[in-house]
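Here is how names work: the chains are called A, B, and so on, in the same order as the sequence lines, proteins then strands, and each is numbered from 1.
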Amino acid sequence: MDFHFSNEDKKTLKEVRSFIKAETTPELIAETHKLGHIYGGKEGRRFIRKFASNGWLTPNWPEEYGGLGRSAVLNAAIREEMAYASVPVVFVAAHMAGPVIMHFGSDEMKKEWLLQIARGEIEFSLGYTEPQAGSDLSALDIRAVLKGDRFIVSGQKSFNTASHVADYHWLAALTDPDAKRYHGMSLMIADLKSPGIDIRPMTTMAGWQTNEVFYNDVEVPGKNLVGEINHGFFYLMSALDYERMYPLAAYEKVFDMIVKYAKETITGGQPVSKNPIVRQKLAQIKIQLEANRLLYYRLAHMVDHGQIPNYQASMQKLFATETAQLITNTGMEILGPYSQMKEGSKHAVLSGQMENYYRTSVVETIYAGTSEIQRNIIALRGLKLPSK
Amino acid sequence: MDFHFSNEDKKTLKEVRSFIKAETTPELIAETHKLGHIYGGKEGRRFIRKFASNGWLTPNWPEEYGGLGRSAVLNAAIREEMAYASVPVVFVAAHMAGPVIMHFGSDEMKKEWLLQIARGEIEFSLGYTEPQAGSDLSALDIRAVLKGDRFIVSGQKSFNTASHVADYHWLAALTDPDAKRYHGMSLMIADLKSPGIDIRPMTTMAGWQTNEVFYNDVEVPGKNLVGEINHGFFYLMSALDYERMYPLAAYEKVFDMIVKYAKETITGGQPVSKNPIVRQKLAQIKIQLEANRLLYYRLAHMVDHGQIPNYQASMQKLFATETAQLITNTGMEILGPYSQMKEGSKHAVLSGQMENYYRTSVVETIYAGTSEIQRNIIALRGLKLPSK
Amino acid sequence: MNYDFTSEQNILKESAHKLLAKECTGQHVREMAEDEQGFSLELWEQMAELGWMSLLIPEKYEGSGVNFFDLSIFLSEMGYHCLPGPFFSTVVSGGLALLEAGSDAQKGKILPDISNGRCKISLAWMEEEGRYSPEGIKLGARKKNGHFILSGKKLFVPDAHVSDIIICAARTSDDLKSITLFLAETKAKGIRIQLLDTMAGDKQCEVLFDHVEIPEENILGELDRGWPILKKVLLKSAVAKCAEMSGGAEKVMDLVIPYVKGRKQFGRPIGAFQSVQHQCANMLTYIETMKYLMYQAAWRIDKGFSFEKEASICKAWASDSYRKLVALGHQVIGGVGFMEEYDLQLYFKRAKAAEQLFGDADFHREWVARGMF
Amino acid sequence: MNYDFTSEQNILKESAHKLLAKECTGQHVREMAEDEQGFSLELWEQMAELGWMSLLIPEKYEGSGVNFFDLSIFLSEMGYHCLPGPFFSTVVSGGLALLEAGSDAQKGKILPDISNGRCKISLAWMEEEGRYSPEGIKLGARKKNGHFILSGKKLFVPDAHVSDIIICAARTSDDLKSITLFLAETKAKGIRIQLLDTMAGDKQCEVLFDHVEIPEENILGELDRGWPILKKVLLKSAVAKCAEMSGGAEKVMDLVIPYVKGRKQFGRPIGAFQSVQHQCANMLTYIETMKYLMYQAAWRIDKGFSFEKEASICKAWASDSYRKLVALGHQVIGGVGFMEEYDLQLYFKRAKAAEQLFGDADFHREWVARGMF
C-alpha cells in the first residue's frame with residue numbers, strides 16, 4: 001500500500017492551488033454567488049476555460065480528448081482542491097456525462113463532445129429526476145419518440161439543478177414505454193435552448209435554485225442519442241459507478257473555519273478550544289475526515305488499477321455526507337447564537353456562512369442517491385445479501 | 001395529567017422496600033446467584049411466598065384471585081422496586097401467563113391456577129421460541145395432538161429461560177399443522193416434571209443458563225389448554241400487550257453505582273465526576289432514565305384507564321433496553337481497566353458487577369422482541385404505516 | 001398517575017388549533033419572517049381577546065389564574081403553527097420575571113396590560129460571550145442621584161424592536177454574581193435597538209444602552225439579587241420553549257406520515273420500506289418522550305414542586321430530539337422537503353433556533369450533572 | 001497511491017490464516033481463557049520457527065528486517081483468530097521499546113531471543129489510577145550503590161506471569177515527567193506477580209515490586225527520559241492493536257454475513273430485510289474505515305513519517321467502531337449469538353478489552369485535539 005501522492009501529482013496540485021488563488025477574482029466570486037454556480041456567467045466561463053486549458057478538468061482523460069493522460073488520483077485530488085476553494089465542483093459534463101460518452105458513445109459522438117467538454121466550453125445539467133421518480137430512477141414518464149432523424153420529447157423533469165445555467169441537458173427519457181422496467185430508457189443530449197423547453201425555477205431551503213424542466217414536443221437530433229437505444233438505464237447506472245465520488249473539501253473548509261473560530265474566541269476567560277467537550281467533538285470530525293479521505297482516494301485507486309468502483313462509491317458518498325452534516329451541526333453548536341446570524345447581519349461570524357452551510361447540508365444525504373439507497377447498495381452489491 | 005403516586009401507593013411501596021431489605025438474606029442472595037433466578041430453590045420459594053402473601057406479586061388482580069384490587073401503576077412500581085433490589089423480576093406466571101388465563105381461561109382454569117400463581121406457589125417458564133423461530137413466533141414446529149382427554153406433545157423448544165427452575169411450561173404448540181400461519185397454534189400448560197420432557201442447559205455469554213426443552217410424546221391434560229384450541233397465537237400476542245413492560249431499575253441501580261464510583265474515585269487529583277465528558281455522559285443517561293420512567297408508567301396508566309397498551313409497550317421496551325446498553329457501556333468506559341475485572345478478582349470494583357452487566361445487557365435488545373420488531377410494531381400499529 | 005388531558009384541556013387545545021390553522025398559515029409565517037415587525041397585530045389582539053395572554057397572570061391582576069400546564073398546551077399549538085411574534089417574550093419570559101420578582105406596584109401596573117395585550121416585553125440577558133451565566137453579563141448599572149445609569153450592549157434579544165419594556169440584566173457590582181434586573185422602557189433615552197438577520201427569520205435584536213437612566217423603583221426584585229430570579233425564569237422559559245418544540249415536532253409528523261403513506265417508489269408506498277418505518281418509529285419515540293418530559297416539568301411548576309432538574313432534563317432531551325426528528329423527516333421525505341415552498345424547512349430552522357434558546361443540550365446536561373454531583 | 005497488498009503480503013496473510021485456522025480454533029481460545037498460562041507453547045514455538053517474532057527486528061539482531069506493515073498483517077490474522085498469549089506484549093510492546101531505546105548491548109542480548117521465541121517480555125506502565133500519563137506513574141526507583149531500588153505496584157500488566165523480562169516505567173524524580181524505563185527480570189528478588197481474572201480471559205497481572213534491585217545498565221534509554229519513549233511505544237502499540245481489532249472485525253463479518261443469508265424468518269432470509277441490510281452495510285463501513293486508517297498509520301511508521309496523529313485517529317476510530325460492529329453483529333444474529341458456544345461472544349469481550357488498551361476513544365480524541373489546538 002502507499003498513501004502518498006506522487007511528486008508529479010504534488011507539483012500539479014501546487015499549480016492548481018496557485019491558479020485558483022490567483023484567478024478567483026472578486027468579480028468571479030460575486031457572479032458565482034449570484035448564480036449559485038461557477039458556470040453560466042461571463043466570469044465563470046472565462047475561469048473554467050482557463051482552468052480547463054491546463055487539462056485540469058479532465059486530467060485522467062486521454063490526450064486526444066483533451067486530457068492529460070494522468071491518473072484518477074490526480075483528478076480526485078484536483079476536485080478536492082476546487083471544493084476546498086469553494087469553486088463549486090459538480091461538473092456534470094466533465095465528471096459524469098463525459099466518461100459515459102467515452103465508454104459507450106460512438107466515435108462521432110466522442111469527437112463532437114469530448115474535446116468541448118475537456119476545454120470547459122460547455123456544461124451539461126443532469127436530467128434524471130422527475131416528480132414521481134425520486135430514488136426510483138426507473139420510474140420515468142418523459143417520452144422520446146423517434147421520428148426520422150430526430151427524437152420528439154415531451155414530459156417533465158424536476159429537481160434538475162443547474163438547468164438554468166447549463167448548455168445541455170443530459171436527459172434520461174422513455175423510448176419504449178411498453179418495455180419492462182429498466183429496458184425502455186435512453187440517454188440523450190438535449191440543447192437547453194431548444195424551442196419547446198421551458199425551465200421553471202424551484203427555490204430550495206438552502207437558497208439556491210433548482211428547476212422543473214418542461215418538454216413540449218422538443219426536437220433532439222438522433223445523433224445525440226448516447227450509445228444504443230433503450231440501454232439508458234445501464235449507462236446511467238454505469239455513470240454512477242465510473243466517477244461517482246463525493247469531494248468533501250467544501251465542508252472540510254467549513255470545519256477549518258470552525259476550528260479557527262474555536263481557537264480565537266474567548267468564552268469564560270479561555271478559548272472555546274479549551275472546552276473538553278468541544279475538543280471531543282472537533283477531534284471526532286477530524287477523525288471522520290481522515291477516514292473519508294481514505295475512502296475517497298480508494299475510488300481513484302480502483303479506477304487507476306482497472307477496477308470499477310461499485311459499493312465503494314456508495315460507502316464514500318454515505319460516509320462523506322453524514323460527516324458533512326456532523327460538521328455543520330457541530331459548527332452551529334460551537335458558534336451558539338452567532339451561528340444563526342445570516343450573511344450581512346450585524347454580529348454574523350464566519351461571514352454568516354455557518355447557517356448557510358447548515359441549511360445546505362440537509363440535502364447531501366438525499367440527492368445523488370439517498371443514504372438509504374447507498375446502504376442498500378452496500379448490502380446488496382458489497383455483501384451480496386439477498387434482495388428477497 | 002398527574003405524575004405522582006397516590007399516598008396509598010407510596011405507603012405500600014415503602015413497605016415493599018422495607019420487606020425486601022429485611023428479607024434478602026445472605027442465604028437467599030447466594031442461592032439466587034447460583035441458580036440465576038430467585039425461584040427454584042428453597043430460600044427463593046420461601047421469599048416469594050412471603051412476598052406474595054402481601055398481594056404484591058399481583059396487586060392489580062381482583063381479590064378473589066389473590067390480588068389486592070389495586071392499580072396497574074402500583075404493580076409497575078413494585079416491579080421496579082424488585083428490579084432495583086436485584087430481585088430477578090421476570091415472573092412469567094404472575095405477569096404474563098396469569099393475565100391471559102384471567103382474560104381467556106375457563107372458570108375452571110382460573111380457579112385451578114390463579115390463586116396458586118398469586119400466592120407465589122408456582123412459577124412458569126415461557127415456551128415460545130424454537131430453533132427455527134426467533135422473531136417469527138408463527139413458525140413453530142412442535143406438535144400437540146389431541147388424543148381423548150390429553151394432548152400428546154413432541155418437538156423441541158430452545159432459548160427457554162428458566163425452564164430448569166420453573167414448575168410449568170407455558171407452551172405454544174401446533175395443534176393444526178395444516179392451518180394457515182397464525183391459525184394452528186394453541187397455548188397450554190405443561191408440567192415440566194412430566195415423563196418425556198428432557199431439559200438441556202444452554203449457557204449464555206452472560207453466564208446464566210437457558211434451555212433446550214425436548215418433548216418426546218409428552219402427555220398434557222386437555223384441561224390445561226388455554227382458551228380455545230388454535231387461538232394460541234392471538235392469546236400470545238395479547239399476552240405481549242397486556243403486561244408487556246420492561247422494568248429498567250436493575251440497570252438504574254448499576255447506574256447509581258457508577259455515579260457513586262465517579263464521585264468517590266480520584267484520578268489526576270480530582271474526582272472522576274469532575275471530568276466534563278464524564279458529566280455529559282452520565283447526565284445523558286439520567287435524562288434517558290427519566291424519559292423511560294414516563295414511558296413505563298404510561299403503560300400502567302393505560303391499563304388503569306381501560307386501554308390496552310400496544311405500540312406504547314414496544315416503545316418502552318425499545319427505549320429501556322437501548323438505555324440499558326448505554327448504561328453498561330458507559331460504565332465500562334468510566335471504570336476503565338477496572339471494569340474488566342470479574343467478580344472475585346483482585347482489583348475488581350463494584351463487586352465485579354460491571355463486566356457482568358455489560359455482557360448481560362447484550363441480550364436485552366434481542367429477547368422478548370428485538371429492537372427491529374419493536375420498531376416495526378411502532379411503525380405499523382402506532383403510525384399505521386402500510387405493511388407493503 | 002394520569003397521562004390524559006382533561007376535557008377542558010382538550011377543548012383549549014382544539015380552539016387554539018382552529019384559530020391558528022386559519023390565521024397562522026405557512027404563508028403567514030413566511031411573510032412575517034420577511035416583515036420587519038414580524039407579527040400580525042390583528043392576530044395579536046385576537047389572541048388577547050381570547051385570553052391567551054392571561055394564562056400566567058393571577059386574577060387580581062386581570063389574568064385568568066396561574067396555570068403553566070394549560071399555557072404549555074397553547075404553546076404547543078403555537079409551535080405547531082410556527083406562530084411568529086412577541087407572545088413568548090412577553091407572556092412567558094416577561095410575565096414570569098414579573099411574577100417571580102415584581103413588587104405589587106410593578107405587577108399592578110404591568111400585568112393587566114400583558115393580560116389584555118397592550119404591553120409587550122422582552123427579556124435581555126445575553127451579551128457578547130453568548131453564555132448563560134452571571135459572569136457573561138458585563139452591561140453595567142451604576143447608581144447616581146437615586147437613578148441607575150445603564151451602559152452596555154445586549155445581544156440576541158427577542159422581539160425587542162416591538163417591545164414596550166425590556167427587562168435588562170445588568171451588573172451592579174464587581175462581585176461575579178451581583179446581577180440586578182431593571183425594567184427599562186424601550187422609548188427611554190439612550191436605548192437603541194437594531195434588528196439582526198437570522199436563519200429562522202425570528203426577530204432577534206442588538207440593544208444598546210448608552211447611559212440609560214432608570215429610576216430605582218424600576219429594579220425588579222432586589223439589588224444584586226437578580227441572578228437567581230433570572231435563572232428561575234430561564235428554566236421555566238426553557239420548559240415553555242419545549243412545549244413549542246413538541247408542538248413543532250407534532251406538525252413535522254403530520255407532514256411526514258401522510259407523505260410516506262402516499263408517495264410511491266419502486267412500486268409501493270415508501271412507508272412500507274423498513275428503513276422508512278424504523279425512522280418514523282424513531283420520530284414517534286422522540287416526540288412522545290419530549291412531550292411527557294415537558295408536561296411533567298410543567299405539571300411540577302404548577303404544583304409548586306421543585307422543577308429545576310426536570311426542566312433541564314426536558315430541555316436537554318428536546319434540544320437533541322427535535323433536531324433529530326426534523327432531520328429524519330427530511331431524510332424520509334427527500335427532495336420535496338428541501339424545497340423552500342414545502343413547510344418542513346420552517347421547522348428545520350426553528351428547531352435549531354429553539355435548541356439554542358435558554359440553553360442547548362450540552363448546557364442542560366451540565367446542569368443535570370450539577371444536580372448529581 | 002495504492003490500496004492493494006503486494007503478492008508477497010497476500011501470501012503472508014494466507015499462510016498466517018492457514019496456520020491459525022488450524023491451531024487456534026474457538027475451542028483453543030476458550031481453553032486458553034481458562035488456562036493459567038493462557039497460551040500453547042507448542043504453537044508459540046511454531047510461530048517462532050516461521051519467523052513471526054522476527055518482523056520488527058533488524059537483521060543484525062537475527063530478525064527479518066523492520067517491517068511494521070507486514071507485522072500488522074499478521075496481527076490482523078491473530079485478531080481474526082483471537083490468538084491468546086504473549087505475542088503482542090513480547091514482539092510489539094516489548095520489541096518496540098527495545099528498538100526505540102535499547103543500547104546496542106541490550107538489543108544484542110535480547111532481540112535475538114525475541115526473534116527466535118526464547119524470550120517473552122511485558123511492558124508495565126499502568127498503576128492504580130489507570131491512566132496513560134506520566135503523572136499516573138508513582139512506582140519509585142531510587143538510586144543506591146550503583147543500583148536502582150524499585151518499589152511499588154503495577155496493574156493490568158499483560159502476560160507478566162509468563163514473561164522473562166518486564167519493562168517497568170518508574171518515577172526517578174519528583175518532577176512530574178521524570179520517568180525512567182527499567183529492564184527487570186521477572187525472576188528478580190522482590191517481584192511478585194498475581195494473575196487477575198478478566199472478562200475476556202486475557203492475562204492481566206498485578207506486579208508488585210518490593211525493593212527490587214536493578215543494575216544501572218538495565219535502564220532502557222536515558223535516566224528521567226523514559227516518558228517520550230513510552231509514549232511512542234504506546235502509540236505504535238495502539239496501531240498494532242488496531243490491526244488485531246480490524247482482524248477481529250473481519251471475523252465477525254464472516255460469522256454474521258453467512259448467517260443472515262441462511263437464516264430464514266417470516267418466509268425469507270433475514271439478510272433480505274432492509275433493517276438487517278442497513279446494519280450490515282454499517283458494519284462493512286466500520287470495518288473498511290478501520291482497516292485503511294490502520295494500514296495508513298502502519299505505512300507511515302515504516303516510512304519514518306510522523307505517525308502520532310494518524311495513530312490516535314486510528315485508535316479512536318477503531319475503539320468505537322469495533323465495539324459498534326460487534327454490537328450490530330449481535331443484533332442481527334439474535335439469540336444464537338448470545339450463546340457461550342457461539343464464537344461471537346469471544347469478539348464481544350475482546351473488542352472491549354482492546355478498546356481500553358493503549359487509550360480508548362475519548363483519550364485519543366483528546367490527543368487528536370492536542371494536535372489541532
Side-chain angles (χ1 to χ4, degrees), chain B residues 129 131-139 158-159 181 202-210 265-269 272 275 277-278 281 325 329 332-348 352 354-356 358-363 365-367 370-373 375-376, chain D residues 126 128-133 135-136 153 155-156 194-202 204-206 263-268 270 273-276 279 319 323-324 326-327 330-342 344-346 348-349 352-353 355-357 360-363 365-366:
Chain B
T129 314
Q132 75 293 347
S135 290
D136 185 3
L137 286 179
S138 72
S158 63
F159 307 119
R181 267 173 68 156
M202 305 166 75
T203 306
T204 67
M205 60 180 276
W208 49 262
Q209 175 179 342
T210 182
T265 305
I266 307 291
T267 308
V272 171
N275 178 336
I277 298 159
V278 168
K281 289 181 183 180
Q325 290 177 348
N329 187 55
M332 294 297 286
E333 286 178 7
I334 291 174
L335 270 59
Y338 290 95
S339 70
Q340 298 178 41
M341 301 300 118
K342 293 179 78 163
E343 188 179 359
S345 171
K346 199 166 181 186
H347 299 295
M354 198 61 251
E355 68 85 30
N356 182 18
Y358 182 58
R359 286 183 285 124
T360 299
S361 66
V362 168
V363 86
T365 52
I366 295 170
Y367 88 155
T370 64
S371 295
E372 289 67 38
I373 294 284
R375 285 196 176 87
N376 287 351
Chain D
M126 231 191 295
E128 287 212 322
E129 286 206 353
R131 293 198 305 157
Y132 289 83
S133 71
E135 294 82 0
K153 186 159 62 178
L155 289 189
F156 315 119
Q194 192 173 349
L195 204 51
L196 307 174
D197 190 12
T198 67
M199 176 173 70
D202 55 347
Q204 302 180 24
C205 303
E206 177 196 273
R263 164 85 168 164
K264 286 198 175 180
Q265 292 265 278
F266 303 102
R268 49 181 173 150
I270 61 173
F273 286 91
Q274 204 183 19
S275 79
V276 171
Q279 285 167 322
S319 292
R323 181 189 68 245
K324 289 180 188 169
V326 178
H330 272 296
Q331 195 59 32
V332 300
I333 286 193
V336 172
F338 191 60
M339 294 302 112
E340 161 70 24
E341 64 179 37
Y342 199 82
L344 190 54
Q345 54 92 2
L346 301 175
F348 173 85
K349 294 172 187 167
K352 180 52 86 178
E355 176 187 335
Q356 299 193 333
L357 252 177
D360 67 7
D362 285 353
F363 175 86
R365 271 190 290 265
E366 172 55 28

Open item on the list: Measuring from atom CE of B:Met205 to atom CG of D:Leu346, what distance do you get when rounded to the nearest 0.5 angstrom?
Closed with: 9.0 Å
TODO: Please look at D:Val336 and chain B and tell me whether the side chain, the backbone, both or neither of the residue comes under 4.5 angstrom of a heavy atom of that chain.
DONE: both
Task: Full working for side-chain contact (heavy atoms from CB on, under 4.5 Å) between B:Glu372 and D:Phe273 - done: CA-CA 10 Å; B:Glu372 289 67 38; D:Phe273 286 91; over 6 Å; no
- [ ] Name the option with the most non-hydrogen atom pairs under 4.5 Å to chain B; the candidates are D:Gln194, D:Lys264, D:Arg263.
- [x] D:Arg263
TODO: Heavy-atom distances under 4.5 Å only: say whether D:Thr198 touches chain B with side chain, backbone, both or neither.
DONE: both
Task: Contacting region of B:Ser361 [heavy-atom separation from chain D under 4.5 Å] - done: neither
- [ ] Count the heavy atoms belonging to other residues, nucleotides or ligands that lie under 6.0 Å from NZ of B:Lys342, then report whether that count exceeds 12.
- [x] yes
Task: D:Met199 side chain near B:Met332 side chain, heavy-atom distance below 4.5 Å - done: yes
Open item on the list: Under a 4.5 Å cutoff for heavy-atom pairs, which residue among D:Ala361, D:Gly136, D:Ser275, D:Ala353 has the most contacts with chain B?
Closed with: D:Ala353
Task: Exercise: identify the closest heavy-atom pair between D:Met126 and B:Pro337 - done: SD-CG, 3.8 Å
Task: Side chain proximity check, B:Met341 to D:Gln204, heavy atoms < 4.5 angstrom - done: yes
Task: Region of D:Leu155 that comes under 4.5 Å of a non-hydrogen atom in chain B - done: side chain
Task: Which atom of B:Gln340 lies closest to which atom of D:Asp202, heavy atoms considered - done: OE1-OD2, 4.2 Å
Task: B:Ile334 CD1 to D:Asp362 CG distance, which is reported to the nearest 0.5 Å - done: 9.5 Å
TODO: Return the orientation label for the D:Phe338 and B:Trp208 ring planes: parallel under 30°, perpendicular over 60°, tilted otherwise.
DONE: tilted
Open item on the list: Going by salt bridge (Lys or Arg N to Asp or Glu O under 4.0 Å), name the residues that satisfy it together with D:Lys349, two or more places apart in sequence or in a different chain.
Closed with: none
Task: Heavy atoms of other groups near D:Glu135 CD, more than 12 under 6.0 Å - done: yes
Open item on the list: So for B:Arg375, is it side chain, backbone, both, or neither that comes closer than 4.5 Å to the heavy atoms of chain D?
Closed with: neither
TODO: Heavy-atom distances under 4.5 Å only: say whether B:Asn329 touches chain D with side chain, backbone, both or neither.
DONE: both
- [ ] Taking all non-hydrogen atoms of both residues into account, name the closest pair between B:Ser339 and D:Gln356 and its distance.
- [x] OG-NE2, 3.3 Å
Task: Side chain / backbone / both / neither for D:Glu206 at chain B, heavy atoms under 4.5 Å - done: side chain
TODO: Just give me the residue among B:Glu343, B:Gln325, B:Lys281 that pairs up with chain D most often, heavy atom to heavy atom, under 4.5 Å.
DONE: B:Lys281
Task: Heavy-atom contact with chain D under 4.5 Å, split by part of B:Tyr367 - done: neither
- [ ] Counting only heavy atoms closer than 4.5 Å, note whether B:Ala206 contacts chain D via side chain, backbone, both or neither.
- [x] both
TODO: Would you mind checking which part of D:Phe266 comes under 4.5 Å of any heavy atom in chain B, side chain (CB onward), backbone (N, CA, C, O), both or neither?
DONE: both
Open item on the list: Does D:Met339 form a side-chain contact (heavy atoms from CB on, under 4.5 Å) with B:Thr204? I'd like the steps, not just the answer.
Closed with: CA-CA 4 Å; D:Met339 294 302 112; B:Thr204 67; 3.8 Å; yes
Task: D:Cys205 side, atom SG; B:Lys346 side, atom NZ - distance, nearest 0.5 Å - done: 11.5 Å
Open item on the list: Testing the basics here: between B:Glu333 and D:Asp360, what is the closest heavy-atom pair and its distance to 0.1 Å?
Closed with: O-OD2, 4.5 Å
- [ ] Answer whether the closest heavy-atom distance between the side chains of B:Arg359 and D:Gln345 falls below 4.5 Å.
- [x] no
Open item on the list: For a quick test of reading the model, state the closest non-hydrogen atom pair linking B:Ser371 to D:Gln331 and the distance between them.
Closed with: N-NE2, 3.7 Å
Open item on the list: Please give me the minimum heavy-atom distance between B:Ile366 and D:His330, naming the atom from each residue.
Closed with: CD1-O, 3.3 Å
